[in-house]
Amino acid sequence: MKKTTHFLMVVSVLLFTVTAMSQSTITGTLLEAKTSIPLLGANVIEKGTSNGVTSDFDGNFSITTQNSTGELVITYVGYTTKTITFTSDMSLGNIEMESSQVGLEEIQIIASVAVDRKTPVAVSTIKAADISLKLSTQEFPEILKSTPGVYATRAGGGYGDGRINLRGFSSENIAVMINGVPVNDMENGRVYWSNWAGLGDVTSTMQVQRGLGASKVAVPSIGGTINIITKSTDATQGGIINTSIANDGYFKYGMTYSTGLSENGFAATVSASKISGDGYIDGGEFSGYNYFLSLSKQLNERNRLTFTAFGAQQTHGQRFNRSTIAELLDTDSGPQKANKDWGYKNGEVYHSAYNFYHKPQISLNHLWEINDNSVLSTALYTSFGSGGGRRDEGSKIGSSDYRIGSSGLQPIDFDRIVAENIANGAAGSTDIISASRNSHEWYGILSTYKNTVSDKLTISGGLDARYYVGHHWYEVEDLLGGQFFLDNEDDTFAFGKPLRVGDRYNKDYDGIVLRSGIFGQVEYQVNESLNLFMAADISDTNYKKKEFMNSEIPLNNRESESINFFGFGIKGGGNYNLDINNNVFVNVGYFSKAPFLDGVAFQDDDLLDPNEEAENEKVFSVELGYGYRSDKLSANVNLYRTSWLDKGINGSLPGVNPGDERVLYNLLGMDALHQGVEIDFRYKFSDKLTVTGMASIGDWQWKSNVSAIVRDQDGTPVGSGPIEVFAKDLKVGDAAQTTFALGANYKIATKSNFYVDYNYAGDMFASYQVTNRGSADLPDTWEVPEFGLFDTGISHAFSMGSFEAILNAKINNVFNTEYVADANDVDGTSATALVYYGPGRTYSVGLTVNF
């Protein structure tokens, strides 16, 4: 018996020894070859086994192999697979991963991508895999809703009508760039996401830089920068076919194909998709075609050209007009779907609010590697937008008397309006459908030179120049059965004329913008721990208008004088890595930026007189940040304080007496303070379970009372004195000041993932015009009820013959929570507030096949 026991003990020891001797521990650090950016989440697999790990936030990995010798296979989306031989325990050091996308380097230089633990900014990065997993039928900005400081909604709920606020600033004050090219409207700063409806298909990485950000363009943002990096030309031959279905008739299908990089240095990638559906809201039918093309040619060892074109031709019904809560609750459809801007005509759905637009974005990028230390990346770009939105003229379309049913939110009875217009005969139509048409031509150049002077010093600088012409007019689209329409505006060329389909009226003008600037940045790596930077820019913005509709302006003088605004900015900061786990950073900046053309530089669509009282807005911002990184936990804490000084607010009010022309006001010196704290974390409990979370607490307030003289349209003061605006200490509205999120991603099996997310929004105040605050005794604006939403989804990869396929299924707003997502204040109460409800429960199922 003792001999048997001894024998078993010896065998056990030998087996343990053999097993231990057969194992090896391999370590390494994965970096992007050109930029040395650490690669988070790369897969490191022991070849021939299921044994594997992923790289951490600094690109580090450590794997205990099952065999003492063999090969490691390293894969990362967008990069060429690398196989490395190992023998016993060893450190592989820095492993450079080559991008599988030709043309990515020049895009990263222009787009100013922030690097973790080096660039001193608050930043969140969303990868293509996250977008594919979670976007579903949401609007593209909603993919950011779990990002600190972000409040994203679908606004009216029409396809592509979503909006986003960052640290309390709307899209007008957030720089949105696609491959480094700015896309904010040149006249008013807005971003129309319907123009970019196909971005979810082609985005490689999206980076949100909150606050001053790392962007080097000459006209900075206030709230932050959203950098969207699209796919470039794939160096590997192959492609994907995808299709998805969802609630309310949603159907999408598309394909992407890459030729691969040929021996002569040429590669091409093309992507196209078709999307359609009934829309979640009533009358929200939509249809769109999304496309993407990238061509790349390596001219020689140091020069490469990349041509990119993408866009989305789309049409969609809108929910343009808000309603009270009581009105929305008193509908058959319910508050989430009810919409007053559609009806029936000849037995078919017909929209009184309808958007149609096509805005191709085309760029030619040139990368010149001048020598081993310096590179020049230049992008020439252009876009040509064309389309508009349906509007109505007359009083019947908006009246509850012309509805199919008893409620004012029931469908519009267009057949009744058509019958009455026909009966009017020679008197013409009382109500018509018009189109607010907008088209533009936009040309620009963005060039960045980067020189690595030494291991410690890097300098960069460049040019940012843009020329833009926007055309704006109203035209008759549908006479609704009548013979013509008479415009009642007596100061236009259309007054008194019988207008027919295609005729212009109401407004017809061009807005012209010429903007140029230069920027520079110095980055100094003091040592392995401390990185400093200083950046500065100067810019000149020139506005001009041409007027074609106002009959009171002389025919030989229909072009305005130019109005110029000189801007500048300076920012600096540093990041200090306390050790391998902890880092702190600080950045401080001040800039002066030109006001917008719309409503500020020019106060009225019909006038050519520049607003001589308009002045630059000033912004001072300071931010402190702390970061922690380990193999399991990544966490960030950011404190920010942004003072927005001399904001210009311009507009118009009804005349003193009935029938008088509207009068104009120009408010100067409006100040606001946005400050808060943001926390986010990512914790890897195991190879299967990862938990993420964030909390954002803001305190955003107006900080001044101001007064302004009211003038008529000839510039003459009206009334006995200035209007007073009591806005001091009122909360800035339009976005939730407190948000938090918690999410979990669980790997059910080797190729299957399940996730659940919770997002909360509170302390949201209804938006309002500060000019409506004419009394110190007015109540605070209405506070929208807080809400929380659950989303969930599952992804499973499997083999389909010789191809790999991925099946995704998602549910958003799992518990069908009813909540107000947007609100305009009237008198500080919920009874009069005009609102949009957010969408209820939605779902989608999608299949992707790689070939």
Side-chain angles (χ1 to χ4, degrees), residues 32-37 78 98-113 177-183 202-205 214-219 227-235 258-271 292-311 360-384 441-453 458-468 515-521 537:
E32 204 279 328
K34 292 289 187 180
T35 64
S36 296
I37 296 175
E98 296 287 344
S99 172
S100 63
Q101 299 183 52
V102 182
L104 182 62
E105 181 184 0
E106 50 264 49
I107 291 173
Q108 288 180 330
I109 292 172
I110 288 178
S112 306
V113 176
M177 298 188 294
I178 301 176
N179 294 337
V181 174
V183 299
V202 299
T203 296
S204 173
T205 301
S215 171
K216 296 187 284 287
V217 293
V219 182
N227 258 329
I228 301 168
I229 310 298
T230 68
K231 299 173 183 176
S232 52
T233 313
D234 202 315
S258 297
T259 64
L261 186 63
S262 66
E263 293 182 359
N264 64 1
F266 175 79
T269 296
V270 60
S271 178
F292 172 83
L293 172 68
S294 181
L295 308 174
S296 183
K297 172 64 176 165
Q298 191 74 38
L299 303 178
N300 52 48
E301 185 178 349
R302 294 194 177 273
N303 289 271
R304 181 168 63 235
L305 282 177
T306 302
F307 173 84
T308 303
F310 59 93
Q361 181 89 12
I362 303 168
S363 63
L364 181 65
N365 290 63
H366 175 237
L367 179 69
W368 178 22
E369 297 184 30
I370 302 171
N371 53 48
D372 292 341
N373 298 320
S374 59
V375 61
L376 178 67
S377 183
T378 302
L380 296 172
Y381 64 90
T382 184
S383 70
F384 302 91
E441 300 91 46
W442 183 347
Y443 307 92
I445 179 173
L446 187 59
S447 185
T448 300
Y449 170 78
K450 183 178 180 180
N451 189 336
T452 305
V453 180
T458 300
I459 61 172
S460 58
L463 169 70
D464 174 14
R466 321 171 198 176
Y467 174 73
Y468 167 98
R515 181 175 293 161
S516 59
I518 56 175
F519 54 87
Q521 178 170 299
D537 62 79

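For the atom pair OH (Y449) and OG1 (T378), the distance works out to 12.5 Å, reported to the nearest 0.5 Å. The distance from the CZ atom of F292 to the OG1 atom of T203 is 9.5 Å, given to the nearest 0.5 Å. How far CG of L376 is from OG of S447: 4.0 Å, rounded to the nearest 0.5 Å. From I445, atom CD1 reaches atom CG of L380 across 5.0 Å, with rounding to the nearest 0.5 Å. Distance check: L261 CG to K297 NZ gives 9.5 Å after rounding to the nearest 0.5 Å.
In terms of heavy atoms, F310 sits closest to N179 at CE2-ND2, 4.5 Å. Shortest non-hydrogen contact noted between T308 and S294 is OG1-OG, 4.0 Å. Here the closest heavy-atom approach between residue I362 and residue F307 is recorded as CG2-CE1, 3.4 Å. Shortest non-hydrogen contact noted between I370 and R302 is O-CD, 3.9 Å. Summarising the geometry of Q361 relative to S383, their closest heavy-atom pair is OE1-CB, 3.7 Å, with the distance given to 0.1 Å. Annotation for L293 and L295: closest pair CD1-CD2, 3.8 Å, computed over non-hydrogen atoms.
When side chains are defined from C-beta on, S271 does not count as touching K231, because their heavy atoms never get closer than 4.5 Å. Using a 4.5 Å heavy-atom cutoff, the side chains of Y381 and N365 are not in contact.
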For this session: May I have the step-by-step check of side chain to side chain contact (heavy atoms under 4.5 Å, CB included) for N373 and N451, ending in yes or no?
Result: CA-CA 6 Å; N373 298 320; N451 189 336; 4.1 Å; yes
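With R304 as the fixed residue, the side-chain hydrogen bond (donor to acceptor under 3.5 Å, both in side chains) test singles out one of E369, H366, Q298: Q298.
Of the possible polar contacts, one joining the T259 side chain to the A268 backbone as a donor-acceptor pair under 3.5 Å is found. Side-chain atoms of T382 come within 3.5 Å of backbone atoms of W442 as a donor-acceptor pair (strictly under, hydrogens ignored).
By the 30° and 60° cut-offs, the orientation of the rings of Y443 relative to F384 is perpendicular.
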